[in-house]
> 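Okay, handing you the structure first.
Numbering of ligands and ligand atoms starts at 1, following listing order. Being a predicted model, the structure only gives us computed values, none of them experimental.
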Amino acid sequence: MTKSICILGSTGSIGVQTIDVAKKLGIKVVGLSAHKNVDLLIKQARELNPDILCIVDEKYYTVLKENFPDKIVVTGHEGLISIATYPAADLIVNALIGISGLVPTVEAILAGKRVALANKETLVTGGKIIKRILSQKQAKDSIPVLIPVDSEHSAIFQCLVGEDKKNIKKIILTASGGPFRGKKLKDLQSVNVEDVLKHPTWNMGRKITVDSATLINKGFEVIEAMFFFDKKCDDIDVVIHPQSIIHSMVEFIDGSVKAQLSYPDMRLPIEYALTFPERGKAVAAPLDLARVKNLTFEEPDFDTFFLLKIAYECAKKGESYPIVLNAANEEAVKYFLEGKIGFVDIMKYVAKNIESHRGQKVESIQDVLEIDAEARQKFKNLVEGEKN
Ligand SMILES: NC(=O)C1=CN([C@@H]2O[C@H](COP(=O)(O)OP(=O)(O)OC[C@H]3O[C@@H](n4cnc5c(N)ncnc54)[C@H](OP(=O)(O)O)[C@@H]3O)[C@@H](O)[C@H]2O)C=CC1
Ligand SMILES: CC(=O)[C@@H](O)[C@H](O)COP(=O)(O)O
Ligand SMILES: [Mn+2]
């Protein structure tokens, strides 16, 4: 059972819930990181007394150091690596957003750590490289080096305990459908940030909430599932399930389907990642299906939410395509949240970035980071070019 953890991104939605779960489980938190939210990081550190703290935005270093003169205080991207490889931690919880989580995941694995991975962009962008690194690491025991925190992948992981992967016929990812389920493109032209951030079932950070509204989040989860469970994207389906009670399913070759259910509460997959192969105390409310009454399912609308279709195409092509998809999307979401582009523009500009991309082989993390940087610049040129 995990005894001590570092949390990369402790001040975010997953990070805060991880602290709650760690406290309930009596797990020691020895390292915390934030990007800019130094006030919350100080509050968390006062309560948890970790050994090491990282504030990525270096202008807050002095504030942190003055508050914790006797602690290790690190900054910037290098600081994240210090947290990700901190000797006293059994397990690293990666709760960062975007590709910022990729190198810390790689460094943690190379340092012999297990990683509870919420940061799906790690596998979207670096899945091929991570898979190669993991294949070279002898698993110390039956516990995988990378444990999924993403609710769907945790659900699949739970369904696969005691199963032979060769008997998997299909993975079925469930999706809430987001705040605009049932809408058509013509209805989405004037939706604003507030509308987009009203997720119907989950309370999450801003970026993933926007990704759930465009459904690219589910596209990323298809790619994430490919790497977690060694399946091709053709064997990974998406079904719209508005209640978010079934967190995903596995269909086996004999036609039997296993599912994992609970109320939508991320503390459950977080706890499972921290306690696997045991189970912890119940943090999520016990499920009362009689109260839920209906569990409904629909086909995804790939025409309106075409980024899901594009994500499948990128998943099939692999190599640089998922990296460009993620980079363009990260930039587009940032522009949208800053009020610089509209909601439908997110999908339009990301699609344009992919259309004009000429695929490249990816052989190293350096390749990933270069392709990412190039794609971000191309996105900016595209948007600025259209504005001028
Ligand atoms: N929230 C959820 O319920 C779920 C989230 N996930 C995935 O988990 C990950 C985290 O999501 P969520 O908790 O919602 O995100 P949040 O935006 O709520 O939190 C992100 C955390 O990362 C820090 N951070 C942000 N940008 C950077 C950066 N460039 N470098 C270093 N640190 C950074 C933030 O610091 P600061 O606070 O200072 O900005 C914060 O601590 C994402 O990959 C998401 O897709 C998956 C399933 C569910
Ligand atoms: C809680 C979680 O895992 C999120 O990824 C969630 O699934 C997003 O909701 P959608 O199902 O709407 O994408
Ligand atoms: Mn998810």
Side-chain angles (χ1 to χ4, degrees), residues 7-19 32-42 44 54-57 60 64 75-81 83-84 93-105 116-125 148-156 173-181 197-222 224-225 238-248 262-270 273 300 305 307-308 326 329-330 333-334 337:
I7 307 171
L8 290 164
S10 62
T11 51
S13 162
I14 291 289
V16 166
Q17 294 176 87
T18 300
I19 289 173
L32 297 170
S33 93
H35 186 219
K36 298 172 183 286
N37 192 343
V38 68
D39 293 340
L40 181 51
L41 186 62
I42 289 170
Q44 291 175 335
C54 172
I55 186 76
V56 173
D57 188 326
Y60 297 111
L64 204 53
T75 62
H77 203 70
E78 283 317 304
L80 291 178
I81 310 301
I83 299 259
V93 178
N94 190 334
L96 301 171
I97 50 172
I99 197 171
S100 71
L102 172 59
V103 173
T105 300
L117 189 70
N119 175 249
K120 64 191 79 182
E121 296 91 341
T122 276
L123 290 179
V124 171
T125 59
V149 170
D150 204 350
S151 68
E152 295 80 7
H153 307 75
S154 176
I156 297 158
L173 290 175
T174 51
S176 74
F180 307 132
R181 179 172 62 89
L197 293 180
K198 281 190 197 123
H199 194 282
T201 50
W202 294 95
N203 178 16
M204 309 181 284
R206 290 159 60 89
K207 190 231 180 229
I208 186 175
T209 305
V210 178
D211 289 350
S212 298
T214 62
L215 261 71
I216 201 170
N217 179 57
K218 219 43 65 178
F220 287 156
E221 293 185 351
V222 169
E224 185 184 4
V238 169
V239 67
I240 302 298
H241 166 49
Q243 297 80 21
S244 299
I245 294 290
I246 296 180
H247 300 303
S248 280
S262 75
Y263 289 120
D265 181 342
M266 274 309 292
R267 293 175 305 160
L268 189 54
I270 291 168
F305 302 97
L307 286 186
L308 180 54
N326 177 72
N329 183 66
E330 281 196 48
V333 169
K334 214 183 298 172
L337 289 172

> May I ask you to identify the nearest protein heavy atom to atom 9 (O) of ligand 2, giving residue, atom name and distance to one decimal place in Å?
His199 NE2, 3.3 Å

> Please report the closest heavy-atom contact between Ser154 and Val149, naming both atoms and the distance.
CB-O, 4.2 Å

> List ligand 2 atoms under 4.0 Å from Ile208, heavy atoms only on the residue side.
4 (C), 5 (O)

> To which protein heavy atom is atom 5 (O) of ligand 2 closest, and what is the distance rounded to 0.1 Å?
Glu221 OE2, 2.8 Å

> Do you know the tightest heavy-atom contact between Ala155 and Ser248?
CB-N, 3.9 Å

> Within the side chain of Ser176, is there an N or O that forms a donor-acceptor pair under 3.5 Å with the backbone of Pro242?
no

> Go through ligand 2 atom by atom and flag the ones less than 4.0 Å from a non-hydrogen atom of Lys218.
7 (O), 10 (P), 11 (O), 13 (O)

> Who's the nearest protein heavy-atom neighbour of atom 4 (C) of ligand 2, and how far?
Met204 SD, 3.6 Å

> Any salt bridge between Lys120 and Glu152, counting N to O under 4.0 Å?
no

> To which protein heavy atom is atom 12 (O) of ligand 2 closest, and what is the distance rounded to 0.1 Å?
Ser176 OG, 2.5 Å

> Among Met266, Lys120, Glu152, which one puts a heavy atom closest to atom 6 (C) of ligand 2?
Glu152

> Taking N or O atoms only and a 3.5 Å limit, does Asn217 qualify as a polar contact for ligand 2?
yes

> Under the 3.5 angstrom rule, does the side chain of Lys218 hit a backbone N or O of Thr174 as a donor-acceptor pair?
yes

> Is it true that Ser262 and His247 share a donor-acceptor pair across their side chains at a distance under 3.5 Å?
yes

> Kindly tell me which protein residues have any non-hydrogen atom under 4.0 angstrom away from an atom of ligand 1, grouped by chain and ordered by number?
Gly9, Ser10, Thr11, Gly12, Ser13, Ile14, Ala34, His35, Lys36, Asn37, Val56, Leu80, Ala95, Leu96, Ile97, Ser100, Ala118, Asn119, Lys120, Glu121, Asp150, Met204, Gly205, Ile208, Met266

> Do you know which N/O/S atom name in Glu221 is closest to the Mn ion (ligand 3)?
OE2

> For the Mn ion (ligand 3), find the closest N/O/S atom on Glu152 and give its atom name.
OE1

> At a 4.0 Å threshold, what atoms of ligand 2 neighbour a non-hydrogen atom of Ala175?
11 (O)

> Going by heavy atoms in the side chains, are Leu80 and Leu96 under 4.5 Å from each other?
yes

> So, Asn119 side chain and Gly98 main chain: donor-acceptor pair closer than 3.5 Å or not?
yes

> Which atoms of ligand 2 are found less than 4.0 Å from any heavy atom of Ser212?
8 (C), 9 (O), 10 (P), 12 (O), 13 (O)

> Over all heavy atoms of both residues, which pair between Met204 and Ser212 is shortest? Give the atoms and the distance, please.
CE-OG, 3.6 Å

> Any chance the side chains of Thr105 and Asn94 put a donor and an acceptor closer than 3.5 Å?
yes

> Using a 4.0 Å cut-off to any heavy atom of Asp150, which atoms of ligand 2 qualify?
2 (C), 3 (O), 5 (O)

> For Asn203, look at atom CG and say whether over 12 heavy atoms of other residues, nucleotides or ligands are found less than 6.0 Å away.
no

> Looking only at heavy atoms, is any part of Thr201 under 4.0 Å from ligand 2, and if so is it the side chain, the backbone, or both, or is it neither?
neither

> Would you confirm whether Gln44, through its side chain, and Ser10, through its main-chain N or O, come within 3.5 Å as a donor-acceptor pair?
yes

> Kindly give the atom name of the N, O or S atom of Asp150 closest to the Mn ion (ligand 3).
OD1

> Is any side-chain heavy atom of Arg181 closer than 4.5 Å to a side-chain heavy atom of Pro200?
no

> Who's the nearest protein heavy-atom neighbour of atom 3 (O) of ligand 2, and how far?
Ser151 OG, 2.6 Å

